[in-house]
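In what follows, chains carry the letters A, B, and so on, assigned in the order in which the sequence lines appear, proteins first and then strands, with residues in each chain numbered from 1. Quick caveat, the model's predicted, so the values are computed rather than measured. Worth knowing before you read on, the calculation uses all heavy atoms, side chains too, and leaves out hydrogens, waters and symmetry mates.
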Amino acid sequence: MKNYDHKKSEKKWQEKWAEAKVFRALDDSPKQKYYCLIEFPYPSGEGLHIGHVRSCTAMDIVARKKRMEGFNVLYPMGWDAFGLPAENYAIKTGQHPSKIVEKNVAIFKKQCQSLGLSFDWEREVNTTDPEYYKWTQWIFLQLYKKGLAYKKKMPINWCPSCKIGLANEEVIDNKCERCGAETIKKELNQWMLKITEYADRLIEDLETVNYLDKIKTQQINWIGRSYGAEVNFKVKSFNESIKVFTTRPDTLFGATFLVLSPEHELVNKIITSDQEKEILKYQDEAKHKSDLERTELQKEKTGVFTGAYAINPANGLEIPIWIADYVLSSYGTGAIMAVPAHDERDFSFANKYSLPVKQVLAPLFEFTSGLDAIRPDKETRRRKTAYVFLKHWSEDKYLCLDWSKFGWHSGVIGGVEGNETFEEAGIREIKEETGYQNIKFIKNLGGELHNHFFAAHKDINNYAIGQVMLFQLVDDKQKEVDPEEVKNHTAVWVAGKEIEKFLNMAHFLYAWKIMKGTESECFAGAGVAINSDFLDGLDTATAIQTMNKWLVDMGLGKKTANYHLRDWVFSRQHYWGEPIPMVNCEKCGWQPINEKELPLELPDVEKYEPTQTGESPLASIDSWVKTTCPNCGGPALRETDTMPNWAGSSWYFLRYIDSKNKEMLADPEKLKKWMPVDLYNGGMEHTTLHLLYSRFWNKFLYDIDVVPTSEPYAQRVSHGMILAPDGQKMSKSRGNVINPDQIVSEFGADVLRLYEMFMGPYDQPVAWDLNGVKGIKRFLDRIAAFENFVEEDHYDVTSLLHRTIKKVTEDIDARRFNTAVSAFMIFMNEIQAKGCTKDAFKKFLKIIYPFIPHLVEELWSDLGEKELVQSQKWQEYNDELAILQEVEIPVQINGKVRAKLSVAVDIAEKDLKELALSNEIVQKYLEGKEPKKIIYIQGKLISLVI
RNA sequence: GCCUCGGUGGCGGAAUUGGUAGACGCACUGGACUUAAAAUCCAGCGACUGUAUAAGUCGUGCCGGUUCGACUCCGGCCCGAGGCACCA
């Protein structure tokens, strides 16, 4: 076809698809279901972003292919339309946010359609639709009923100049986004959701889903579980006790003071009168420090003595109780036991205030006298040699480390004299350095492991390393050790992982510090318990277990876990969100509204600004706020806070399944049919919030038998961002935003789609390049204009076609779209040169169809086909045809390619070897000799060693 | 500081149970067609040596190791991006 007009054609096919309803997901189809989900966008005023096009197209390709493969595909779209931008725009213009949303949604929808995205529009949802948020509110009520929603005083960001509460997104560098004034924290009673109750399941169930590894690790880190113990400390002369959390109960004997966070509830009860003034001052200061300041002033620790003492339950010692803001009230119990000898922070605090330090842990290896053996070396290559001898803390085992500043390379052993082996040289040198005469060589750890030792510390970066050996110093009177015994004895030292464990750790560092005279006296690693009564001699892991058991037996504490994850602050002091369906009755307290009253609709207000008191604008509507208590019928006030915009997006994937249901959130039968989502695509920035929140809600709904699966998404993938041509993020302020509408109108939707799939690996960021778009345009023009049809296919074309089908099929499944596009190009290059049959061309059209559906439909009908390509079956490939008849086998000599042989693919190994050996170039290199070894890799290469 | 990912021509990138590094595209250079330009088509395109040939050397952030053979595996380092951060 000579003149392909993308504007006309794209519109035509979009209409035909809509007419034929080929993108509709059917609830009663016998076909296997496939639920393909893309994060629904916030319909901003700027319209669809070029980045949306990338992910929507990618999922569109998957959806279209799956349909052709015979799946009943659900690929829906909707709008996450509550949120600040619409509210801010409403404040500015006085327009109702819903009007703004309506307008923007229309633009977005049109844009999606102009791209030919195969969404099933019959299932469209909008979080701001009362018929939708009715169920968001309903879920909140269920959470409340199960005790998972509660009120708590929490700080919000408050701008003293604008007198409004700000969302975290509105606070930049501790300043108000609107006026630039410093923000402060203001305590407000807020609704909270107990996501922490689900923390363990949110970690553990990750094993049952297929998420990208980086997504899993990020979630695990965010939840941040750590195991430890809670220990109770009695306060002297008070009938109170302080509970602390520690991950190292094994160091309890070394706890020489306690530290409470300034906000700790017990502080005011236990302070002595002479300390009161100072304490109150410190508390006041802490309150005025922002989070930023508290973390910025990391290095210098401050604190105040309360005047009270606690009893260390392990040894009965009286230890002082301090307060300090390096202890956070929001983590653990808000109090710690300080073990300065084995914790860096406690150590620096103890140093500053001259508090006692007590060692209760020794490293597994200790520095011995041989350590400072640095000496000039006259005869050998080395000019300076140093040995470190580390002695095992209890056994008569030594680790000998040897390095040289002006080291040698592999294979060259320094320090060897005459014909002696390296081992002999080692023994000789140990004798010289230590005076020990009876030394047993145990094992040379060689070059493979030596770097383990020295990477442990930055100071020794400059040392190139020779060899590392294990020696045993045998007492002169002792008999030689049985070789078998040595083996067992030393197994722990040398067995792969074990040695890594030992060597990568703090022990060496500690020994090194002593040697350098920079020992800090704080050893925070794992080791062996000392000065700890019944724990003495136990390694850290065993000591922790023993201590945990002891704590329980004595009724002093228990093993427990702590999380970084905090409960979800669910209140926003804004207008444009779902009203929280609760009322506060003077008599009955907080009461949920009757479910029959849902949806609790947002009333109209005159002004959208938050109020001067920090309440939401809803607070100013008396008629709405004043209501009756659902419990006693007495006067009550409505909650005026609204939900965060994460609320609506936490369950939208469920609503697509039954978007028009008036009776329930969604029909259980339909949920059973469609859940879980098979493939969910979204941005990495949603990993720790939206993704976690929606998993939490789904799990909750699963627990109350509303949904059929514990995990909502079987697979989660992520797209990379599209950057501006200069490699910067696209933003309005930089003025480097690319408008997709413009590209669609100038080049066509197919060009934009294919370009975005080709630009780079799907999951990585790539910079926009207009020349690349033009290149894709050229490629599409070549497809459109192709007419080099022949009667019968050349074998090469047939074989390439089948290889291309295979590659594209696999690439789409693995989301390697860029290499699939390259395969299309290779195929086009081939058939332009050699020609192909109409049949082969049609097969090609079918596999490129998901990428450029409009052009393909046009060419397809042009070739006389009556049906839509979307209703065709996905093209299959024939493995036999995909095989090349003739291959080029490179001949390597000593690892370098010297010649290439063109041979039949099924050539016998013997024949190939003969052919290779008789090759002229190979002969030249062989110089009449026989090769030592011939390596043949089937169909890949032949390698001669001479 | 900790965790995660990444580093390959002028550019985007390709190559994974270790087996021809640079597919495909862009940019660039030369040629054909044209009065000319655009478009299109053909050829070249990592660096160096060499005679524009033949041939050879080097080359995937850096330093080592394993191997007949390393972008790929192992150890360490450097740089960049993202996340977390006084987390007891």
List the residues meeting salt bridge (Lys or Arg N to Asp or Glu O under 4.0 Å) with A/Lys352, not counting sequence neighbours, and say none if there are none.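 So A/Lys352 forms a salt bridge (Lys or Arg N to Asp or Glu O under 4.0 Å) with A/Glu300.
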Under the rule for side chain to side chain donor-acceptor pair (under 3.5 Å), what residues qualify as partners of A/Ser226, not counting sequence neighbours?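 For A/Ser226 the side chain to side chain donor-acceptor pair (under 3.5 Å) partners, ignoring immediate neighbours, are A/Tyr331.
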Set of residues satisfying side chain to side chain donor-acceptor pair (under 3.5 Å) with respect to A/Glu830, sequence neighbours excluded: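 Only A/Lys834 meet the side chain to side chain donor-acceptor pair (under 3.5 Å) criterion with A/Glu830.
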For B/A88, does OP1 or OP2 lie under 4.0 Å from any side-chain N or O of A/Ser226?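 Checking B/A88 against A/Ser226, a side-chain N or O does come within under 4.0 Å of OP1 or OP2.
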Results of ring-ring contact (aromatic ring centres under 6.0 Å, His included) for A/Tyr353 - residues two or more places apart only: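 Checked A/Tyr353 against ring-ring contact (aromatic ring centres under 6.0 Å, His included); matches are A/Trp322, A/Phe349.
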Just jot down the ring-ring contact (aromatic ring centres under 6.0 Å, His included) partners of A/Phe233, sequence neighbours excluded, or say none.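 Result, ring-ring contact (aromatic ring centres under 6.0 Å, His included) vs A/Phe233: none returned.
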For residues 766-776 of chain A, which residue pairs pass the side chain to side chain donor-acceptor pair (under 3.5 Å) check, not counting sequence neighbours?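 Residue pairs passing side chain to side chain donor-acceptor pair (under 3.5 Å), neighbours aside: none found.
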Find every protein N or O atom lying less than 3.5 Å from an N or O atom of nucleotides 38-46 of chain B, and list the pairs.
none

With a 3.5 Å cut-off and heavy atoms only, can you find an N or O donor on one side and an acceptor on the other between the side chain of A/Lys301 and the base of B/C86?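 In this structure, the two groups form a donor-acceptor pair.
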Base, sugar-phosphate, or nothing for A/Gly224, non-hydrogen atoms under 4.0 angstrom?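 Result for A/Gly224 = nothing.
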Show each protein N/O and nucleotides 58-60 of chain B N/O combination with a separation under 3.5 Å, one pair to a line.
unit_1	atom_1	unit_2	atom_2	d
B/C58	OP2	A/Lys896	NZ	3.0

Which pairs with one or both residues in residues 753-766 of chain A pass salt bridge (charged side-chain N to carboxylate O under 4.0 Å, His left out), sequence neighbours excluded?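 Every pair satisfying salt bridge (charged side-chain N to carboxylate O under 4.0 Å, His left out) with a residue in residues 753-766 of chain A: A/Asp60-A/Arg753.
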In which stems does RNA chain B show up, taking only runs of three or more Watson-Crick or G-U wobble pairs whose two distances fall under 3.5 Å?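 B:1-7 with B:78-84, B:10-12 with B:24-26, B:28-32 with B:40-44, B:46-49 with B:55-58, B:61-65 with B:73-77 - these are the stems of 3 or more pairs that involve RNA chain B.
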Between A/Tyr282 and A/Thr302, is there a side-chain donor-acceptor contact under 3.5 Å, judged purely by atom types and distance?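 Yes, because at least one side-chain N or O of A/Thr302 sits under 3.5 Å from a partner of the opposite role on A/Tyr282.
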Enumerate all atom pairs, one protein N or O and one N or O from nucleotides 2-4 of chain B, separated by less than 3.5 Å.
unit_1	atom_1	unit_2	atom_2	d
B/C3	O2'	A/Asn221	ND2	2.9

Base, backbone or nothing for each nucleotide of nucleotides 7-22 of chain B, written B, S, -, heavy atoms under 4.0 angstrom, 5' to 3'? -----BSS----BB--
